[in-house]
Enquirer: 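Submitted below is the structure of interest, expressed as structure tokens.
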Amino acid sequence: MGGFALAAAAAGVAGCGSAAVADLPPVAQPRVSPPASRTPAGRVVRLGPPAAALVPGRTTGPGGAPEGLAFDPASGLLAVGVRDPAQLVLVDGASGRVARRVGLPGAARDLAVQGGDVLVPAERAGRLLRVRARDGRVTGDLRLGGRPHDVVGGALAGSAFVTDGAGSAVAVVRGDRRERSIAVGAQPTGLAPVSPGRLAVVSGRERLVDLVEVATGRRLGRADAGVGPTHAVAHDRWLWVTDTAGDALLVFRTRPALELVRRVHLPGGPYGIALDTEKLRLWITLTATNEVVELPAHGRPHELRRLPTVPQPDGLAVDPVTHRVFVASRRDGTLQLLDPPPLG
């Protein structure tokens, strides 16, 4: 199906922002996983108790309900955001052992790494923390307000970008201050630096993706993004968006203009997405089937293989040096370390 036909079909669902935001369905959420029926590939380590044990007001072990993941190649540490209690857990990427735990003022759903620091949007606290990966020291704590949700660096040297999950803006942060905001669609859920100076923003409520010039805030392009988009990654001229509600991976071309060119059917509720920048591979979690799928990262991605995961695999990250894949189970408080065998 060509890009024009795909865009027209998506417009019938999302309306490209034409409907009043209040009339739109809520942001897509990860599918609820069934009970595990297969042994997860690789090795599984425990970070905390299962979600069923996390009863409010009752003391439990730390590390429950891990979700956001980000890998720091400089230190070899995996940063994990856990929800109960709210913590940043730093895990040795080679051994899987917990190196340290850092208390947070609120839980983080997404994380990013920038220059050896972990960027932590404490959603319910309305704050963005900067934590040095190698020793867990909090080096920055900025009050943003709203509901900081996703965060990235890389689109503009020295700056970070944070979505307001309750509004229609992306905050531009430099150092310890908020410089300005960029207007986008309602309830942005995903960010991806497309190239130096350009940023793709997935707005989950309006089912849109915006391409913006970060220096000016000018919108360079806008396209419909399926039934229920959540997350995105980008490389070269390609942008990939998980359409969680639509069981699909959406492929956009970003040059010379933003254009939806392909829809790859991925049954299982694709949710978390990570890019292996060295091997040019996409890894995507399928929460409805407890699987992770591998695809080539280009304009015609296709499924290479599926591997069984821990239950409720909401969090995902890749070590670009060793190509190890990390998957977090929000349900049972575990972390999966997966070293994919050679294909073929």
Enquirer: Pair Arg130, Asp117 - check salt bridge (charged side-chain N to carboxylate O under 4.0 Å, His left out), show working.
Expert: CA-CA 6 Å; Arg130 186 178 288 270; Asp117 291 338; 3.5 Å; yes
Enquirer: Quick check: closest heavy atoms across Leu88 and Ala79, and the distance to 0.1 Å?
Expert: CD1-CB, 3.9 Å
Enquirer: Would a single hydrophobic cluster contain both Val202 and Leu211, if residues Ile, Leu, Val, Met, Phe, Trp and Tyr are joined by side-chain heavy-atom contacts under 4.5 Å?
Expert: yes
Enquirer: Any donor-acceptor pair under 3.5 Å linking the side-chain atoms of Glu123 with those of His149?
Expert: yes
Enquirer: Do Pro270 and Thr244 come close enough that some side-chain heavy atom pair is under 4.5 Å?
Expert: no
Enquirer: Looking only at atom types and distance, does a side-chain atom of His302 sit under 3.5 Å from a main-chain N or O of Pro296, one as donor and one as acceptor?
Expert: no
Enquirer: Could you check if a side-chain atom of Leu69 sits within less than 4.5 angstrom of a side-chain atom of Asp110, using non-hydrogen atoms only?
Expert: no
Enquirer: Counting distance only, does the side-chain N/O of Thr287 pair as donor-acceptor with the main-chain N or O of Pro313 below 3.5 Å?
Expert: no
Enquirer: Is any side-chain heavy atom of His298 closer than 4.5 Å to a side-chain heavy atom of His235?
Expert: no
Enquirer: Scan for salt bridge (Lys or Arg N to Asp or Glu O under 4.0 Å) pairs involving residues 281-297, sequence neighbours excluded, and state none if there are none.
Expert: Arg38-Glu291, Arg281-Glu294, Glu291-Arg306, Glu294-Arg305
Enquirer: Hey, what do you get for CG (Asp176) to CG (Leu142), rounding to the nearest 0.5 Å?
Expert: 7.5 Å
Enquirer: Heavy-atom distance under 4.5 Å between the side chains of Glu303 and Leu266, does that happen here?
Expert: yes
Enquirer: Ring-plane angle category for His231 and Tyr271, please: parallel below 30°, perpendicular beyond 60°, tilted otherwise.
Expert: perpendicular
Enquirer: Which heavy atom in Gly315 sits nearest to a heavy atom in Thr285, and how many Å separate them?
Expert: O-CG2, 4.4 Å
Enquirer: What I want to check is whether the side chains of Ser181 and Arg178 have a donor and an acceptor closer together than 3.5 Å.
Expert: yes
Enquirer: I'd like to know if the side chain of Arg31 reaches the main chain of Gly268, judged simply by a donor and an acceptor atom lying under 3.5 Å from each other, with no hydrogens or angles considered.
Expert: no
Enquirer: Considering only heavy atoms from C-beta outward, does the side chain of Val162 approach that of Asp150 to under 4.5 Å?
Expert: no
Enquirer: Go through the steps to decide whether Ser33 and Asn290 satisfy the test side-chain hydrogen bond (donor to acceptor under 3.5 Å, both in side chains), and finish with yes or no.
Expert: CA-CA 6 Å; Ser33 293; Asn290 294 328; 2.9 Å; yes
Enquirer: Go through the steps for Lys279 and Asp276 under the test salt bridge (charged side-chain N to carboxylate O under 4.0 Å, His left out), then give the verdict.
Expert: CA-CA 6 Å; Lys279 293 184 72 174; Asp276 185 330; 5.6 Å; no
Enquirer: Thr163 side chain to Thr189 main-chain N or O, any donor-acceptor pair under 3.5 Å?
Expert: no
Enquirer: Is Arg205 reaching over with its side chain to a backbone N or O of Pro25, donor-acceptor style, under 3.5 angstrom?
Expert: yes
Enquirer: For the CZ atom of Phe161 and the CD atom of Gln114, what is their distance to the nearest 0.5 Å?
Expert: 9.0 Å
Enquirer: Quick one, Leu249 with Val241, criterion side chain to side chain contact (heavy atoms under 4.5 Å, CB included). Give me CA distance, side-chain angles, the key distance, then yes/no.
Expert: CA-CA 6 Å; Leu249 174 68; Val241 176; 5.9 Å; no
Enquirer: Strictly by modelled atom types, are Ser159 and Arg174 linked by a side-chain donor-acceptor pair under 3.5 Å?
Expert: yes
Enquirer: Please say whether more than 12 non-hydrogen atoms of neighbouring residues, nucleotides or ligands are located less than 6.0 Å from CZ in Arg137.
Expert: no
Enquirer: Will you find, in the side chains of Gln187 and Arg147, an N or O donor that is under 3.5 Å from an N or O acceptor?
Expert: no
Enquirer: Donor-acceptor check, side chain of Asp236 to backbone of Trp238, threshold 3.5 angstrom: yes or no?
Expert: no
Enquirer: Going by heavy atoms in the side chains, are Leu275 and Val318 under 4.5 Å from each other?
Expert: no
Enquirer: Measuring from atom CZ of Phe252 to atom CZ of Arg262, what distance do you get when rounded to the nearest 0.5 angstrom?
Expert: 13.0 Å
Enquirer: Distance-only, no hydrogens or angles: does the Thr334 side chain make a donor-acceptor pair with backbone N or O of Arg46 under 3.5 Å?
Expert: no
Enquirer: Given Val89 and Val91, is the side chain to side chain contact (heavy atoms under 4.5 Å, CB included) satisfied, shown in steps?
Expert: CA-CA 6 Å; Val89 181; Val91 178; 3.9 Å; yes
Enquirer: Under a 4.5 Å side-chain heavy-atom rule over Ile, Leu, Val, Met, Phe, Trp and Tyr, are Leu119 and Leu111 clustered together?
Expert: no
Enquirer: Rounded to the nearest 0.5 Å, how far apart are CZ of Arg100 and CG of Asp92?
Expert: 10.0 Å
Enquirer: Does Gln336 form a side chain to side chain contact (heavy atoms under 4.5 Å, CB included) with Phe326? I'd like the steps, not just the answer.
Expert: CA-CA 6 Å; Gln336 178 179 3; Phe326 302 92; over 6 Å; no
Enquirer: For Val102 and Gly136, which heavy atoms make the closest approach, and how far apart are they?
Expert: CG2-O, 3.5 Å
Enquirer: Any chance you could measure Leu260, atom CG, to Leu239, atom CG, to the nearest 0.5 Å?
Expert: 10.0 Å
Enquirer: With a 4.5 Å cut-off on side-chain heavy atoms, are Leu191 and Leu199 touching?
Expert: yes
Enquirer: When rounded to the nearest 0.5 angstrom, what distance separates CG in Leu282 from CG in Leu304?
Expert: 9.5 Å
Enquirer: Spell out, as yes or no, whether a donor-acceptor pair under 3.5 Å connects the side chain of Ser203 to the backbone of Glu206.
Expert: no
Enquirer: Same hydrophobic cluster for Leu286 and Leu307, using side-chain heavy-atom links shorter than 4.5 Å among ILVMFWY?
Expert: no
Enquirer: Would you call Val120 and Leu104 a side-chain contact if the rule is heavy atoms closer than 4.5 Å?
Expert: yes
Enquirer: Show the numbers, then the answer: is there a salt bridge (charged side-chain N to carboxylate O under 4.0 Å, His left out) between Asp339 and Arg43?
Expert: CA-CA 9 Å; Asp339 297 305; Arg43 186 160 56 96; over 6 Å; no
Enquirer: Are Trp240 and Val261 connected, step by step, through hydrophobic side chains (Ile, Leu, Val, Met, Phe, Trp, Tyr) whose heavy atoms are closer than 4.5 Å?
Expert: yes
Enquirer: Count I, L, V, M, F, W, Y as connected when their side-chain heavy atoms are under 4.5 Å apart, and connections chain through other members. Are Val44 and Trp283 then in the same cluster?
Expert: yes
Enquirer: Indicate whether the side chain of Thr230 and that of Thr242 have a donor and an acceptor atom separated by less than 3.5 Å.
Expert: yes
